[in-house]
Structures are given as structure tokens and as C-alpha cells.
*Asks:* 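The structure under discussion is supplied below as C-alpha cells; questions concerning it will follow.
As a basis for the values below, the full set of heavy atoms in this structure was taken, side chains included, without hydrogen atoms, waters or symmetry mates.
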Amino acid sequence: MIQKAENPESEKADAPVAPPPQPSIERRRLAAELRSLREANGLTIEEARIQLAWSSGRLNHMEGGRHSVPDASGLRALLDLYGVTDTVRRDALEALRKEAKARPWWRDFEDVLNDGFLGWEERARRIFAYQASVIPGLLQTPEYTAASARASMARTEEEVERIVTARLKRQERVLGRPDAPEFRCVLDEAALLRLAAMPAPLANNQLRHLADVATAVNTVNLLVLPISVGLHGCLHGSTVLLEYDDERDPAIVYLETRSRGTYVTGPAQVADYRLALDDVTADALSKSASTDLIRSMITD
């Protein structure tokens, strides 16, 4: 018998709190540039904001990159204070400000996407992933995407359709572009076994798609981690490591959850997750053996 909580407020207080959203990559770049310029001038945030006659916290928010992007006049005031006179440099920072302010495509799907991960993924040059239970989003067929969305038991049919549309657009903007990033994905054999247990038409179509992408797309390296390996470095669950060529963009790790994911940005922690991903890569089947295994599971 389920008893009603005597103290609803206490129950609410104990509920897990969703992590704050990660700033977009453009906002993080701009924030890092502004922080670097201030520090190069030997100013604290408080000293800089007093000279600008700004309210307390305004510059803090800008350098945090999460909540605030300066308007054009605000950026000019900062660059004047920091002694940035080079026109090319000022124009580049203004262009970055506009990028940070722009509305990304995935914001059109905010009703079903509540995380800025897609913006980080789209800008990455290398994507390293381990998937424990499901086919990675970048490699899903529309039918599989719809089925997995329904399996969450938290989506209406209208939302499922929106998720499928967003997933297809995501695939096009990441793997479908001419300068597509390197995508190495270690797929646990358990995910394939779960797939094989689904209706045959859906499962076979998804398996063919995986095999076709693995052999036809040079930037994709799809490996299968056999269950026979036993324990491994990614027992904590599905993990995505995003790496960038621009030195302003340190690598970031994304850990999937039921709702909004968790980001790991500390260099030591990122290095630890990279070791875990390298471990499952070393234990995985070769690319050709992985593709052969996937094809062998097709039943028609």
C-alpha cells in the first residue's frame, strides 16, 4: 500500500535538483576571451565593473557565459577599458558576440530538447562515445528513435514526432556535413541484443543502417564491445567525450541521464573518462569484426 507523504514540502526538498544548463560553446569562448583580457590588464572583476559604472554581478554573468552576453555597446565599453585598439581584434570579438547571441537551430525544439548538448556536439572535431544500452542518436533510424522515445513513457505521440524530426536534423548537421567530425563509438553488445529483441522489420532496418554507415562513412568508427569481455572501464554508463581543435575550447564529457545530462569539464576528470573510453576501445572488436557481427544479426 502506498502511503501519502505526511510532509510534502520535505519530500520536495529531497527531490534531486537538475544541474544548471551548460553555456553554449560560443558563450564559453566569449566569456574566456573577456576574462583573459581583464586579467591581462591586472583588474579584478570588482575593479573593472566600478570603472564601467556597471551594476554588481553584470560582469560576473558575462564572464560566466551562462546567463548574459554583452550587447554591442557593452562589448565596446569592455574593449575600450581593456585597451583593445586593433580593429581586426575588435571585429573578431564582435563577430563572436553575435554568434553567442544567435539562436541555435535546436532551440526550435525546446519542447522536447532541454539541454544544450547538441550545440557542443555540432562544434566538436572528435566525438568519442560509449553506449551501454541503446543505439547512439547519431546512428539511429527514425523508427528506432520513435520506439526509444516511446519507451521512456514520458512522451506524447506529438512529442515523439518532434524528437524524430530533431534527431534527423542533428544527424544531418553533424555526420552529414562535408567537414564531419571523427566519430568513434563503442557500442555495447547488450544494446544490439536489445535491438534484436525488437520487431524484426525495425531491428533489421536499424542493423543494416549501422553496418552501412560503419562501412560507407570514413569519419565513423563503430566498434562493438562483446559481453564476453566482462567488467570494463565504462561500467558507470553511457559516456560522450567531445574534443575541439580550438585551444579556447577544452574537452568536455557528457554523461546521459533520464532528463538533462551532466557535464564534466575539469581537466583531471575529463582525462579520467578518456582513459575509461580508451579501455573499452581496446577491449572492443575490430571495425571489420564489429560490422560482421552486426550484419550476422540481420534475420532476413
Side-chain angles (χ1 to χ4, degrees), residues 109 111-115 117-118 121 127-172 174-176 183-217 220-230 232 234-240 254-261 280-281 283-300:
F109 297 91
D111 54 326
V112 292
L113 300 176
N114 60 1
D115 198 309
F117 171 75
L118 300 189
E121 178 185 66
I127 304 172
F128 301 150
Y130 165 73
Q131 286 291 342
S133 303
V134 298
I135 306 303
L138 288 174
L139 302 178
Q140 292 178 5
T141 62
E143 296 79 13
Y144 182 93
T145 296
S148 63
R150 293 188 185 103
S152 72
M153 300 182 294
R155 299 294 186 180
T156 66
E157 279 304 305
E158 182 179 356
E159 288 174 328
V160 169
E161 291 179 11
R162 296 273 293 158
I163 289 171
V164 171
T165 300
R167 189 67 48 86
L168 290 173
K169 189 161 188 176
R170 170 190 174 191
Q171 293 171 1
E172 177 187 350
V174 178
L175 297 184
F183 179 40
R184 182 185 76 193
C185 179
V186 178
L187 182 61
D188 200 293
E189 187 180 2
L192 293 175
L193 294 175
R194 290 185 184 279
L195 171 61
M198 299 176 75
L202 186 156
N204 289 331
N205 189 35
Q206 179 65 76
L207 288 165
R208 285 194 196 90
H209 181 66
L210 288 175
D212 290 346
V213 171
T215 53
V217 182
V220 173
N221 187 17
L222 180 61
L223 309 175
V224 175
L225 181 68
I227 290 178
S228 59
V229 165
H232 55 79
C234 281
L235 289 174
H236 57 271
S238 296
T239 305
V240 181
Y254 181 77
L255 304 175
E256 296 182 7
T257 67
R258 181 167 171 81
S259 54
R260 177 174 287 154
V280 293
T281 300
D283 285 339
L285 300 175
S286 68
K287 183 173 181 177
S288 59
S290 296
T291 304
D292 289 344
L293 174 61
I294 291 170
R295 291 196 186 281
S296 73
M297 299 179 74
I298 299 173
T299 57
D300 63 2

*Asks:* Check whether any side-chain N or O of T239 sits under 3.5 Å from a backbone N or O of G237 as a donor-acceptor pair, and report yes or no.
*Replies:*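 Present.
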
*Asks:* Could you tell me whether the side chain of Q171 and the main chain of G137 form a donor-acceptor pair under 3.5 Å?
*Replies:* yes

*Asks:* Before accepting this row, confirm whether a basic side-chain N of the pair D300/R208 lies closer than 4.0 Å to the acidic partner's carboxylate O.
*Replies:*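 Yes.
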
*Asks:* If I take atom OG1 from residue T291 and atom CG from residue D212, how far apart are they, to the nearest 0.5 angstrom?
*Replies:* 10.0 Å

*Asks:* Looking at every heavy atom in both S133 and R194, which two are closest together, and how far apart are they?
*Replies:*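 Minimum heavy-atom separation between S133 and R194: O-CD, 3.6 Å.
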
*Asks:* Specify the closest pair of heavy atoms between L138 and E121, including all atoms of both residues, with the distance to one decimal.
*Replies:*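 Here L138 and E121 meet closest at CD1-OE2, 3.6 Å.
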
*Asks:* I need the I294 CD1 to H209 NE2 distance, nearest 0.5 Å.
*Replies:* 11.0 Å

*Asks:* Distance check, rounded to the nearest 0.5 Å: C234 atom SG versus D283 atom CG?
*Replies:*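 One gets 10.0 Å once the value is rounded to the nearest 0.5 Å.
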
*Asks:* V134 and L187: which non-hydrogen atoms are nearest, and at how many Å?
*Replies:*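 Closest approach of V134 to L187: O-CD1, 3.6 Å.
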
*Asks:* Hey, is the main chain of A132 close enough, under 3.5 Å, to the side chain of S238 for a donor-acceptor pair?
*Replies:*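 Answer holds: yes.
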
*Asks:* Using the benzene-type ring in the case of Trp, are the ring centres of H232 and Y130 under 6.0 Å apart?
*Replies:* yes

*Asks:* Any chance you could measure Q140, atom CD, to L210, atom CG, to the nearest 0.5 Å?
*Replies:*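 Reported value, rounded in 0.5 Å steps: 9.5 Å.
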
*Asks:* Would T215 and R295 satisfy side-chain contact (heavy atoms from CB on, under 4.5 Å), going step by step from the backbone distance to the final call?
*Replies:* CA-CA 11 Å; T215 53; R295 291 196 186 281; 3.9 Å; yes

*Asks:* Under a 3.5 Å distance rule, please check whether E161 uses its side chain to pair with a backbone N or O of A146 as donor and acceptor.
*Replies:* no

*Asks:* Verify, without hydrogens or angle tests, whether Q206 (side chain) and T141 (backbone) share a donor-acceptor contact under 3.5 angstrom.
*Replies:* yes

*Asks:* Can you tell me how far apart OG1 (T145) and CZ (R170) are? Round to the nearest 0.5 Å.
*Replies:* 9.0 Å

*Asks:* For C185 and Q131, which heavy atoms make the closest approach, and how far apart are they?
*Replies:*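 For C185 and Q131, the tightest heavy-atom pair comes out as SG-CG, 4.3 Å.
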
*Asks:* Is there a side-chain contact between L222 and V213 (heavy atoms, below 4.5 Å)?
*Replies:* no

*Asks:* Heavy-atom count around R162 CZ within 6.0 Å, excluding the residue itself: above 12?
*Replies:* yes

*Asks:* Taking the side chain as C-beta and beyond, is there a heavy-atom pair between V174 and F183 under 4.5 Å?
*Replies:*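 Heavy-atom side-chain distance check fails, nothing below 4.5 Å.
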
*Asks:* Hey, what do you get for CG (L207) to CG (L195), rounding to the nearest 0.5 Å?
*Replies:*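 So the CG of L207 and the CG of L195 are separated by 4.5 Å.
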
*Asks:* How far apart are the closest heavy atoms of R155 and E159, and which atoms are they?
*Replies:*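 Here R155 and E159 meet closest at CA-OE1, 3.3 Å.
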
*Asks:* Sub-3.5 Å donor-acceptor pair from the side chain of E189 to the main-chain atoms of I227, do we have one?
*Replies:* yes

*Asks:* Quick one: does any side-chain atom of S290 pair with a main-chain N or O of V224 as donor and acceptor, under 3.5 Å?
*Replies:* yes

*Asks:* How close do P226 and A284 get, heavy atom to heavy atom, and via which atoms?
*Replies:* CD-CA, 4.3 Å

